[in-house]
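Working notes for the structure below.
Order of the sequence lines fixes the chain letters, A, B, ..., with proteins taken first and strands second; residue numbering starts at 1 for each chain. For clarity, every value in this text was computed on a predicted model and none was experimentally measured. Just so it is clear, the values below take in all heavy atoms, side chains as well, and ignore hydrogens, waters and symmetry mates.
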There are 2 protein chains.
Amino acid sequence: MDWSIQEIAKIAGTTSRTLRHYDDIGLLKPSRTGHNGYRHYDGPALVQLQRILLLRELGLGLPAIAEVLNRETDTVKALSSHLDWLAQEQDRLTRQIASVRQTIDTMKGDGKYMAQDMFDGFDHTQYKDEVEERWGKDAYAASDSWWRGMSADEKQQWKDRVQKLGSDWISTAESGVSPDSDEAQDLARRHVEWLSGIPGTPTAAPGGDVKGYVTGLGEMYVADPRFAANYGGESGATFVRDALRIYAEQNL
Amino acid sequence: MDWSIQEIAKIAGTTSRTLRHYDDIGLLKPSRTGHNGYRHYDGPALVQLQRILLLRELGLGLPAIAEVLNRETDTVKALSSHLDWLAQEQDRLTRQIASVRQTIDTMKGDGKYMAQDMFDGFDHTQYKDEVEERWGKDAYAASDSWWRGMSADEKQQWKDRVQKLGSDWISTAESGVSPDSDEAQDLARRHVEWLSGIPGTPTAAPGGDVKGYVTGLGEMYVADPRFAANYGGESGATFVRDALRIYAEQNL
DNA sequence: GTAGAGGTTGACGCTACGTCAAGGTCAAGG
DNA sequence: CCTTGACCTTGACGTAGCGTCAACCTCTAC
């Protein structure tokens, strides 16, 4: 019962490189080392190796296996906590699969998630869950079907308009004028006008709290960096927010 | 629309280190680099970054993301093949979880999988599925309950006997005698005698194909390195097989 | 002038080995 | 004795995606 490194590797169904690695990290030392440096393994070593490989197949890490072999940890305990980890992983995978499916579906059905390209700046339909949470399911459904119903040409026009509005905001903010300046207030007017083009938003009709909606939106631009980014970051968004609030209080 | 590396990192919800990494591997270059080496990012860069992070959350690797961004691969196609991979992973995890559960159960109920320690050499109950496949469920159930019913002392005795038999085989094989020598044939007799002590094995009673069983077992010792290991590897197992075949033909 | 905040480029660390590379050892054969 | 070939050895790099120092600029503010 004395095998060379190749022999025991074949017997146990692994490679000599693996055995050298286990030797390096102290997981499994050869039972004997020849004067020429050759590694030799005996029966007990083979048993150890097989236990290692068994645990490895179950997904345990080498440090965890070492603990088990050194009696520092009960095998059952090690496997149990490993099982917890596996369950978590499975959960994560399940959720990730759902996300990928969802993404594929929406990209196939329409370029909703491609909105980063098409909608560019502000996209109420881009963040489905959040829109629903903030303004209700109806608002989302309305703007969603509205967007789906547009032709590619119309979408492009809309996109251009959004981009123009965004860049105007940024240049205005950077010009140093105050949010209550005529320029800023004119932009605020354009902004509200633009918003009114999106179905599902409150209107001036009875019961529609346009004022609260617009000011709330401004706060969100500042609070959410994804929106803030469209207006030149936090400082730009702050400018937009202030301008919108002033406009809302004076005109809505 | 011009952010420093920290700013855009915060906006996009990642770290500056990540952005530097993406720059290094060419996934996302800064839109501008200052005379001082500082990285600066603009709006389009932010959009790219957000797409990258979205795909990353879905689990795509950076090379795959790069392909998508470079229009080399359709996003839907990339996500679909990624989905396949995810499904495989989930499968693997599910099977692994089952294995771990099984192992924990058997280790709790009795040290069946600990058999590597206790049974040492030959353990028909160690490889449940294979035993069942080769010799039927009855054989497994019989030898299993038999083993469970033994006291620790009896188990130890059995273990010693197995080990003695194994080492005798090895030393005999290494001594250079032929498989039909008296010594080898005596060992074969002991081996068959030993086998007959395990419930579930064929007997000399009518209908029991002891001869076929013994020769088949010998073949398995050679074919399966896990068993071969108990007899000094493939060469040793070959010797055992030959001796057993000769013994079976002459005596069974 | 000097903090202090933020930027830069290395370079190591992590998981578990695969994969060369360069060079000894050993048994068999010319 | 020399060669061949199979097998052994010790490095050391590569892998995926950054985290985490380390050592050293740069710019603003007091």
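Taking atom P on both nucleotides, C:dT19 is separated from D:dA16 by 14 Å, rounded to a whole Å. When the C1' atom is used for both D:dC13 and C:dA11, the distance is 15 Å, rounded to whole Å. As rounded to the nearest Å, C:dT15 and D:dT9 have P atoms that lie 25 Å from one another. Nucleotides D:dA12 and C:dC12 have their C1' atoms positioned 15 Å apart, rounded to a whole Å.
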Dot-bracket notation for DNA chain C is requested: 5' to 3', Watson-Crick or G-U wobble pairs only, both distances under 3.5 Å, with ( ), [ ], | and . as defined. ||||||||||||||.|||||||||||||||
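Taking the side chain as every heavy atom from C-beta outward, A:Tyr22 and A:Thr14 never approach each other to under 4.5 Å. Contact annotation: the side chain of B:Arg241 approaches that of B:Thr238 to within less than 4.5 Å [non-hydrogen atoms, C-beta and beyond]. Side-chain contact check for A:Leu49 versus A:Tyr41: every heavy-atom pair is 4.5 Å or farther apart.
Every side-chain contact (heavy atoms from CB on, under 4.5 Å) that A:Ser80 has, sequence neighbours left out, goes to A:Val76, B:Ile104. By the salt bridge (Lys or Arg N to Asp or Glu O under 4.0 Å) test, B:Asp74 is found to be paired with no residue, residues two or more places apart in sequence or in another chain being considered. For the side chain to side chain donor-acceptor pair (under 3.5 Å) test, residues two or more places apart in sequence or in another chain that qualify with A:Thr73 are A:Glu67. Listed by chain and residue number, nothing satisfies the salt bridge (Lys or Arg N to Asp or Glu O under 4.0 Å) test with B:Arg56 (two or more places apart in sequence, or in another chain). For A:Glu89, the salt bridge (Lys or Arg N to Asp or Glu O under 4.0 Å) criterion is met by A:Arg92, not counting sequence neighbours. B:Lys77 is linked by a side chain to side chain donor-acceptor pair (under 3.5 Å) to nothing, counting only residues two or more places apart in sequence or in another chain. In this view, B:Ala64 and B:Leu60 satisfy the side-chain contact (heavy atoms from CB on, under 4.5 Å) rule, not counting sequence neighbours. For A:Asp42, the salt bridge (Lys or Arg N to Asp or Glu O under 4.0 Å) criterion is met by no residue, not counting sequence neighbours.
With salt bridges taken as basic N to acidic carboxylate O contacts below 4.0 Å, none links B:Asp23 and B:Arg20.
The stretch residues 78-99 of chain A does not touch DNA chain C, since none of its heavy atoms comes less than 4.0 Å from the strand.
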So B:Glu57 and A:Ser99, side chain to side chain donor-acceptor pair (under 3.5 Å) or not? Walk me through it. CA-CA 9 Å; B:Glu57 276 182 30; A:Ser99 293; over 6 Å; no
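Chain A approaches DNA chain D within less than 4.0 angstrom (heavy atoms of the protein), and the contacting nucleotides run 5' to 3' from D:dC7 to D:dA12.
Within 4.0 Å of A:His40, counting heavy atoms only, lies no atom of the nucleic acid at all.
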Letter per nucleotide, 5' to 3', of nucleotides 5-18 of chain C [B base touched, S only sugar-phosphate touched, - untouched; heavy atoms, 4.0 Å]: -BSBB-B----BBB
